[in-house]
Amino acid sequence: MAGTPPKDRIRDLRDAIRHHEERYYIHNAPEISDEQFDRLLHELERIEAEHPELVTGDSPTQRVAGRPVEGFATVEHRTQMLSLDNTYSDDELRAFDERVRKGAGVGGDPIAYVAEIKIDGLSIALTYDEGRLVRGATRGDGVRGEDVTANVRTIRAIPLALRSGPPGPIEVRGEVYLSRASFTRMNREREESGEPLFANPRNAAAGTMRNLAPALVASRGLSAFVYQLVGDGARAMPPTHSDALAAMQSWGLPVEPHWQRLDGIDKVVAFCRSWAEKRRTLEFGTDGVVIKVDDLALRERLGATAKCPRWATAFKFPPEQAHTKLLRIDVNVGRTGANTPYAVLDPVLLAGSTISMATLHNAEDIARKDLREGDTVVIEKGGDVIPKVVAPVLSLRPPDSKPWEMPTTCKACASTLTREDDEVIWRCVNESCPAKLRRGLLHFAGRTAMNIEGLGESLVEQLVEKAIVGDYADLYRLTEATLARLDRMAEKSASNLVAEIEKSKTSDLSRLIYALGIRHVGEKAAATLARHFRTMQGVLKAPIEALQSVREVGPVVARSVRMFADEPRNRRLIDRLEKAGVNMTTSLPKPAEEPGPLAGKTFVLTGTLSAMTREQAIEAIERLGARVTGSVTKKTSYVVAGAEAGSKLEKARQLGIETLDEAALRALIIKQHA
Ligand code: IVH
C-alpha cells in the first residue's frame with residue numbers, strides 16, 4: 001500500500017493473518033485461498049525484512065524460531081494440573097451427579113453442568129502476559145512439566161498474541177492434538193520409512209511435542225483446543241465455566257465448539273449418548289465427554305482429591321464394535337519362528353478404517369473364546385489402531401462348524417512345530433526356515449540394530465526367494481550388479497544400499513549382538529553383554545556361570561546366549577561376518593569395577609525424559625552402580641518421573657518413595673561423578 005507507514009501496514013497484515021489463521025485452523029472455514037494467505041504472509045515477511053526493528057516475537061513470521069531446542073527445561077505449574085476420574089456408564093454418571101448434589105447441598109435441584117468433547121491428545125498449559133504467548137508447558141507429573149514453548153509456537157491454532165483479553169499474566173490449559181488426517185498421514189510416512197507406527201493420535205501428538213526440532217514439529221500439523229482458564233486468586237474470574245469458555249473464545253483462543261451448558265444429569269447422559277454415536281464426525285480423535293460443574297464457586301466448595309477434582313468426570317465412550325465374518329484363521333511366522341494365528345475377516349468399516357485382519361494371539365486364546373472359521377464375530381477397536389476379535393456370535397454359527405486346530409507344522413517350511421512347557425507359542429526350529437530368515441533380516445537391518453536403511457520388506461523377500469541371501473553374512477557379499485537385477489531397484493538405490501551395508505560394518509558390538517536376534521536378548525541385554533565381555537569372542541566363550549554373574553543378565557538370557565554360542569551354525573555365521581569386516585568390538589564404557597557410589601540402590605524410570613534417552617539414563621545410573629528395574633516396590637530407592645509419568649509415579653507416592661524429576665536425576669549423576 002503506497003503511502004501507508006510500514007508500521008501500520010505490518011499491524012494490518014498481522015491482524016489479517018491472525019484472522020485467517022483462526023478461520024482456517026480453529027473454525028475450519030477459510031475465507032481466502034491458501035495462495036492469498038501466502039501472499040499476505042510474504043508481504044509481511046518482505047516488509048519485516050526491510051524494517052527489522054519492527055519485528056516482534058508475536059509476529060506470525062516468527063512461529064518457527066528455526067533453531068533446535070537443547071532439551072526441555074522443567075517448569076513448575078502455578079497450580080497442580082489435575083487429572084480426571086473416569087465413568088463408563090449412565091449409572092456411574094448418575095452416581096457422580098449424586099455426589100455433586102450432596103456436596104452442594106442442593107437436594108433435588110438439578111446442577112448446571114458443562115459437557116465438552118474429550119480431546120485425545122496431550123495436555124498443555126499456556127501462559128500469556130500482556131496478551132502475548134510467553135510459555136507453553138506439558139503437564140508432566142501435574143506439578144512440574146516441560147517447557148515446550150518453542151514447539152507450541154509452531155501450532156497455528158494457538159495465537160501468539162491474544163486479540164483482546166486481560167492485561168496481566170493469565171494461564172489457560174488445553175489439549176494439543178493431531179487431527180485424524182494428520183495422524184494417518186504421519187503413520188503412512190512412518191510405514192514407508194520402516195519406522196514403528198504410533199498406536200493412536202495421542203501417542204503421535206506426545207511424540208511430536210517432545211521433538212527437539214521446532215521446524216519438524218511445525219510440519220506435523222498439530223492443533224490445539226483450550227478448555228480451562230486458570231484463576232490465580234488475584235484477578236476476578238468469570239462466575240461460571242461457560243462464561244470462561246466464551247471469554248477465551250472471544251480473546252481468539254481455540255475453544256472446541258460443541259460444548260453445551262446442560263441443566264441436570266439427564267441432559268448430560270443424552271449428550272454422552274449422542275456423541276458416542278457421532279464421534280466419527282469429528283476431525284480429531286476423542287475418547288469421551290468431560291462433564292464439569294459450571295458454577296465456579298460450587299467447584300471451590302467441592303474441591304479435589306489428590307489427583308482429580310470432585311467437580312468433573314470423564315465419560316469414556318465404549319469401544320466401537322462391528323460384526324463381520326471370520327473367513328479363515330491363518331498363521332504368520334515371526335523372526336523367532338513363532339507361528340502366530342490371525343483372523344482373516346470379511347472387510348468391515350470400524351471406527352473409520354477398513355478392517356480385514358486382526359491378531360488372535362495364540363491357539364489357547366482361540367480355544368478359550370471358541371472362535372471358529374465361518375463364525376460371525378464381534379470385533380472391537382478401543383483407542384488404539386489394532387483391532388481385537390472379542391467373541392463369536394453363537395446364534396449365527398453355521399451348523400457344520402468345527403473347533404479350530406493349530407497346525408502342527410510350520411506355515412512357511414512345513415517343519416514340525418514345538419512348544420516349550422511353560423509357553424503358549426508354537427515355534428518352528430528349522431534354522432533355514434525362509435519366513436524366519438526374512439523376518440530375521442529385517443530385524444538385523446533395523447534402525448536400532450545394524451541400521452541398514454533401504455533394506456525393506458519387498459527387497460528382503462526377493463533376496464530370500466531368489467536364494468541370493470541365505471543368512472546375515474550374505475548381505476555383505478551383495479554388489480550393485482546383483483541388486484540392480486532385482487525388481488523395482490534403480491541403480492541409485494542399489495549403490496545407496498551397498499553403501500549402507502558397508503557403513504553397517506562399523507556398528508558397535510552391542511548393536512551386532514542385538515541384531516543377531518538371540519532369543520531373550522533385547523537392546524539392553526545386548527549392551528550389557530558388550531560392555532562386560534568387550535568382544536564377540538568374549539561373549540561366545542563365556543561359560544554360563546560367567547554370563548549369569550553379570551549384573552542384569554538373568555538365567556534365561558544366559559542360557560539363551562549359551563545355546564546360541566554352542567550351535568556350530570551360529571559360530572560359522574559369526575566367522576563369516578568377521579571375515580566380511582563386521583566390527584566385533586565395543587566402544588561402550590567398561591562397567592565400573594569398584595562398587596559404584598549408588599551400589600545397592602534401585603531406580604525405576606517412568607514417563608519420558610527429554611534431554612537424554614531412556615537408554616542413556618539407564619547407562620548413567622548403572623555406571624554409578626545402581627540397578628534399574630521395571631516396577632515400583634517397597635525396595636525401590638528412587639522413582640525418576642519424566643513427562644507424562646503415570647501409575648508408577650502414583651505408586652511411588654503411595655509407598656512414600658523418593659521421586660526425582662529429570663533435572664534432579666541429572667544433578668545426582670553429576671554430583672556422584674564429581
Ligand atoms: S478438563 C481438572 N476438559 O483428559 C480438569 N480435560 O483424562 C482438567 N482432556 O488431563 C481437565 N479434553 O488432558 C478437560 N475438554 C476437556 C478435555 C480434557 C481432553 C484431557 C486432559 C486431562 C485428561 C484426563
Side-chain angles (χ1 to χ4, degrees), residues 26 77-88 92-93 96 100 113-126 136-146 148 152 157 171-179 200-206 209 222-231 237 240-242 244-246 248-249 253-262 268 271-272 275 279 282-296 298-300 302-317 382-383 607 643-647 649-650:
I26 301 182
H77 295 301
R78 238 184 322 154
T79 58
Q80 194 184 347
M81 283 181 84
L82 295 171
S83 188
L84 291 171
D85 269 335
N86 293 328
T87 37
Y88 296 93
E92 286 179 27
L93 275 178
F96 162 73
V100 170
Y113 291 108
V114 169
E116 295 166 19
I117 305 291
K118 185 169 189 305
I119 305 128
D120 196 9
L122 173 81
S123 40
I124 194 101
L126 306 173
T138 60
R139 176 170 181 274
D141 63 2
V143 177
R144 277 179 221 96
E146 286 174 314
V148 286
V152 164
E171 182 175 325
V172 294
R173 292 177 181 171
E175 202 84 354
V176 166
Y177 68 91
L178 263 184
S179 70
N200 51 47
R202 208 203 85 79
N203 290 359
M209 267 319 266
L222 283 174
S223 198
F225 286 122
V226 298
Y227 45 65
Q228 197 181 2
L229 175 62
V230 185
M237 284 280 283
T240 65
H241 179 59
S242 37
L245 289 175
M248 292 193 292
Q249 191 161 7
L253 285 162
V255 174
E256 207 289 321
H258 296 99
W259 65 272
Q260 275 185 24
R261 185 177 183 280
L262 302 165
V268 168
F271 183 95
C272 292
W275 276 107
R279 63 177 125 160
L282 297 167
E283 265 138 28
F284 52 88
T286 167
D287 53 348
V289 170
V290 183
I291 299 106
K292 307 172 179 180
V293 167
D294 194 30
D295 180 354
L296 300 194
L298 174 53
R299 284 191 183 185
E300 282 288 312
L302 292 166
T305 63
K307 238 177 77 186
C308 305
R310 291 199 190 86
W311 45 260
T313 188
F315 173 79
K316 291 293 202 79
F317 293 139
E644 302 289 314
S647 58
L649 177 61
E650 190 49 34

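Atoms within each ligand, like the ligands themselves, are counted from 1 in listed order. Residue numbers run from 1 in the order of the sequence given. All values below were derived from every heavy atom in this structure, side-chain atoms included, with hydrogens, water molecules and symmetry-related copies excluded.
Across the listed options K118, E116, E644, E116 owns the non-hydrogen atom lying nearest to atom 15 (N) of ligand 1.
Taking atom 8 (C) of ligand 1 as the reference point, the nearest protein heavy-atom neighbour is Q228 OE1, 3.9 Å. For atom 6 (N) of ligand 1, the closest non-hydrogen atom of the protein is Y227 CZ, 3.3 Å.
For the residue pair L126 and G136, the shortest heavy atom distance occurs at CD2-CA, 4.1 Å.
Atoms CE and CD, on M209 and E644 in that order, are 10.0 Å from each other to the nearest 0.5 Å. Annotation: the span from D295 atom CG to L302 atom CG amounts to 9.5 Å, rounded to 0.5 Å. Considering CZ of R144 and CD of Q80, their distance stands at 11.0 Å, rounded to 0.5 Å.
Close contacts between ligand 1 and P309 involve ligand atoms 2 (C) [criterion: under 4.0 Å to a heavy atom]. Of all atoms in ligand 1, numbered sequentially from 1 with element shown, those under 4.0 Å from a heavy atom of L84 are 5 (C), 6 (N), 24 (C).
Side-chain contact between R139 and S83 is present, with at least one heavy-atom pair separated by less than 4.5 Å.
Of the heavy atoms in A314, none comes closer than 4.0 Å to ligand 1. Only the side chain of K292 comes within 4.0 Å of ligand 1, judged by heavy-atom distances. Only the backbone of I117 comes within 4.0 Å of ligand 1, judged by heavy-atom distances.
Of the polar atoms of I119, at least one N or O is found under 3.5 Å from an N or O of ligand 1, judged by distance alone. Of the N or O atoms in E175, one or more lie within a sub-3.5 Å distance of an N or O in ligand 1. Not one N or O of R139 is nearer than 3.5 Å to an N or O of ligand 1, by distance alone.
The aromatic rings of F271 and W275 are tilted relative to each other, their planes meeting at an angle between 30° and 60°. In this pair, F225 and Y177 present their aromatic rings parallel. The plane angle is below 30°, not in the 30 to 60° band.
In summary, the side chains of E256 and Y227 do not present any donor paired with an acceptor at a separation below 3.5 Å, with no hydrogens or angles considered.
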